[in-house]
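The next block holds one structure in the form of structure tokens; read it before the comments.
Quantities reported herein were computed from a predicted structural model and do not represent experimental measurements. Along the sequence shown, residues are numbered consecutively beginning with 1.
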Amino acid sequence: MLHVVLRGYWRPMSNPGVQRTVEAVWRMESARIIGTLARVLRDVGLAEELAQDALVAALEQWPANGIPDNPAAWLTAAAKHRAVDVIRRRELHARKEDALTYEFENQLSDAAPDLDAAIERAFDQPIPDDLLRLIFIACHPVLSREARAALTLRLLGGLTTDEIARAFLVPEPTIAQRIVRAKRTLAEARAPFELPPATELSARLGSVLEVIYLVFNEGYAATAGADWTRPALCEEALRLGRILAELAHAEPEVHGLVALMEFQASRLRARVGPDGEPVLLLDQNRTRWDRLLLSRGFAALARAEGLARRGDGLGPYALQAAIAACHARAATPGATDWERIAALYDALAQRTASPVVELNRAVALAMAFGPAAGLEIVDALRGEPQLTNYHLLPSVRGDLLYRLGRLDEARAEFERAATMTRNLRERSLLARRAQECAQRPGRTRGSSVAPKT
């Protein structure tokens, strides 16, 4: 049942047809509405409140009056009217002092007698610019990663605090506090609701991409809980990535990230068995991979590669997409070009210097040149502080030891990895691998449990 969280209360929706329409319109249009209001009002929190006021009005009026011919336009107009009321109150009480909306200060000084015309001019701006501004403000580097993810899903995904909390398996009050603190932090930092200058664009764009991929990765391989994947989170991240690719169409890494997510999302149906159990890459039925998403992935990668040729080559997301493309091109696991993947990981390691990337590189080298080549890298990573509590380090090491016939050591690594993961499906998988070391000592298999990148 759809419910709207608005300043401490929620309101249920009982008409299923109207509920579905309201929910769909809100999910598609809320970011545009909030973005426009935030640009005009210079206050993200107030913009969200006014947008939700418009949503409540729809919940109250549409069941009685019928769904408008253009629901999105109705919702936008309702939010705009509420913003106009706020601006008029500000003009009445503060006139031309600093309390007035920054957007109107110059306009009102020349056109105070015609306030309505000044307001209309302020709202008459390109919508894509507002969306891009909203993306950058929600992913502002002054916020923590957790706060950025929560605020992004709230403002750009249109998700409620309850939906976000369930997605990340944390209590709803925790998510609500993160969102409130994020808005307060932005206000206290006086974060301007504008696109960053060219000198800061690259760093800020990296923050945006990081948040989108954080959301996607949590859906692709859930950190905790009873589900191996959460496809709804992947869908939200993909939607945000595609929007960003339209708005920042000249940025190769944006297309690289979209390509990476398209490729990985194409495997979601094959990643889970009939009972929800994990199905690893080398065991998946590749006929179940989504061909449409694969084609979109190849198209996005081609755009990234074309743009990268004008700059300094492929960035980290585009390189990971190129790795995923190698898997997508292989009709069977045996047809995978592991030497190409290993070379791409070499390039990625040079760009990122990340221990997680090194762990992935070890898997690729093991598949291309034998488990001993991968184990040498993995053993060098055992003292890496960033991987101290990373369960996939002992998981990968266990797999390589298993392939080398060092079964007792492999079982110990799988058991250790099982105690470290918080995902119940993954824990069961690792426990089975440990048991396999004892029961089937003569069996060998390819690398199966690869880390997230």
ask   = Taking 4.0 angstrom as the limit, do Arg178 and Glu146 come out as a salt bridge?
value = no
ask   = Which pair of heavy atoms, one from Ala222 and one from Asp227, lies closest together, and at what distance?
value = CB-O, 3.4 Å
message = For the CD atom on Glu384, are there more than 12 heavy atoms of other groups (residues, nucleotides or ligands in this structure) within a distance under 6.0 Å?
response = yes
key: Within-4.5 Å side-chain heavy-atom neighbours: Leu205 and Leu244   = yes
query = When rounded to the nearest 0.5 angstrom, what is the spacing between CD in Glu210 and CG in Leu257?
reply = 11.0 Å
key: Atom of Pro333, atom of Leu282 and distance for their closest heavy-atom approach   = CG-O, 3.4 Å
key: Contact summary for Val211 and Ala149, nearest pair of heavy atoms   = CG1-CA, 3.8 Å
request  = To the nearest 0.5 Å, tell me how far Glu409 CD sits from Glu413 CD.
outcome  = 8.0 Å
ask   = If you draw a 6.0 Å radius around CD in Glu376, do more than 12 non-hydrogen atoms from other residues or ligands fall strictly inside?
value = no
ask   = Backbone N or O of Arg181 within a donor-acceptor pair of the Thr185 side chain at under 3.5 Å?
value = yes
task = Just do the side-chain contact (heavy atoms from CB on, under 4.5 Å) check on Leu50 and Leu41 with the steps written out, would you?
result = CA-CA 10 Å; Leu50 295 180; Leu41 299 169; 3.5 Å; yes
ask   = Out of curiosity, Ile377 CD1 to Arg382 CZ, how far, rounded to the nearest 0.5 Å?
value = 15.0 Å
Arg148 and Ser207: CA distance, side-chain angles, deciding distance, side chain to side chain donor-acceptor pair (under 3.5 Å) verdict = CA-CA 9 Å; Arg148 278 182 258 158; Ser207 174; 2.8 Å; yes
ask   = Going by atom types only, do Glu218 and Thr223 share a side-chain donor-acceptor pair under 3.5 Å?
value = yes
task = Is it possible for you to check whether Arg425 lies under 6.0 Å from the centre of the six-membered ring of Trp228, through NZ or CZ, and within 45° of that ring's axis?
result = no
remark   = Value for CZ (Phe136) from CG (Leu131), rounded to nearest 0.5 Å, stands at 12.5 Å
request  = Start with the C-alpha gap between Arg416 and Met420, add the side-chain angles, then the distance that decides, and say whether side-chain contact (heavy atoms from CB on, under 4.5 Å) holds.
outcome  = CA-CA 7 Å; Arg416 178 166 169 260; Met420 295 170 67; 4.0 Å; yes
task = Show your working on side-chain contact (heavy atoms from CB on, under 4.5 Å) between Tyr345 and Arg340 and close with a plain yes or no.
result = CA-CA 9 Å; Tyr345 269 119; Arg340 167 69 174 161; over 6 Å; no
key: Side chain proximity check, Phe193 to Leu134, heavy atoms < 4.5 angstrom   = yes
key: CA sep, side-chain torsions, deciding dist, call: His327, Trp289, ring pair (Phe, Tyr, Trp, His ring centres under 6.0 Å)   = CA-CA 11 Å; His327 293 296; Trp289 289 2; 7.8 Å; no
ask   = What distance do Phe216 atom CZ and Cys234 atom SG have between them, rounded to the nearest 0.5 Å?
value = 4.0 Å
request  = Keeping the roles fixed (side chain from Arg403, backbone from Gly398), state whether a donor-acceptor pair exists under 3.5 Å.
outcome  = no
query = Less than 4.5 Å apart, any side-chain heavy atom of Arg154 and any of Ile175?
reply = no
message = Taking side-chain hydrogen bond (donor to acceptor under 3.5 Å, both in side chains) as the definition, give me every residue that meets it alongside Thr388, ordered by chain and number, with sequence neighbours left out.
response = none
query = Going by heavy atoms in the side chains, are Ile135 and Leu247 under 4.5 Å from each other?
reply = yes
query = Heavy atoms, side chains only, cut-off 4.5 Å: are Val272 and Glu277 in contact?
reply = no
ask   = So do Leu301 and Glu305 actually touch side chain to side chain, heavy atoms under 4.5 Å?
value = yes
message = Please find the pair of heavy atoms, one from Leu400 and one from Leu375, that lie closest to each other, and give the distance.
response = CD1-N, 3.5 Å
request  = Taking all non-hydrogen atoms of both residues into account, name the closest pair between Phe263 and Gly297 and its distance.
outcome  = CZ-C, 3.4 Å
Pair Glu436, Tyr402: side-chain N/O donor-acceptor within cut-off below 3.5 Å = yes
query = Are the side chain of Ser30 and the backbone N or O of Trp26 linked by a donor-acceptor pair below 3.5 Å?
reply = yes
inquiry  = So does Pro231 get a backbone contact from the side chain of Thr229, meaning a donor-acceptor N/O pair under 3.5 Å?
reply    = no
message = Between Asn285 and Thr287, is there a side-chain donor-acceptor contact under 3.5 Å, judged purely by atom types and distance?
response = yes
query = So, does His255 use its side chain to make a donor-acceptor pair with the main chain of His249 at under 3.5 Å?
reply = yes
request  = Give a yes or no on whether the backbone of Val356 and the side-chain of Asn360 come within a donor-acceptor separation of less than 3.5 Å.
outcome  = yes
inquiry  = Is it the case that the side chain of Ser428 and the backbone of Leu424 share a donor-acceptor pair, with hydrogens and angles ignored and the cut-off at 3.5 Å?
reply    = yes
request  = Using a strict 4.0 Å threshold on nitrogen-to-oxygen distance, state whether Lys183 and Asp43 make a salt bridge.
outcome  = no
task = Measure from the side-chain N and O atoms of Asp290 to the backbone N and O of Leu293, and report whether any donor-acceptor pair falls under 3.5 Å.
result = yes
request  = Determine, step by step, whether Ile179 and Leu155 satisfy the side-chain contact (heavy atoms from CB on, under 4.5 Å) criterion, reporting the C-alpha distance in whole Å, the side-chain angles of both residues, the deciding distance to 0.1 Å, and the verdict.
outcome  = CA-CA 10 Å; Ile179 293 171; Leu155 297 182; over 6 Å; no
request  = Looking only at non-hydrogen atoms, find the nearest pair between Leu37 and Ala83 and report the distance.
outcome  = CD2-CB, 3.5 Å
query = Are any non-hydrogen side-chain atoms of Leu392 and Ser395 less than 4.5 angstrom apart?
reply = yes
key: Straight-line distance of Phe298 CZ to Arg329 CZ, nearest 0.5 Å   = 4.5 Å
ask   = Any side-chain heavy-atom pair from Val279 and Arg271 closer than 4.5 angstrom?
value = no
Backbone N/O of Tyr317 and side chain of Glu253: donor-acceptor pair under 3.5 Å = yes
query = Taking Arg39 for the side chain and Asp130 for the main chain, is one N or O donor matched with an acceptor at less than 3.5 Å?
reply = no
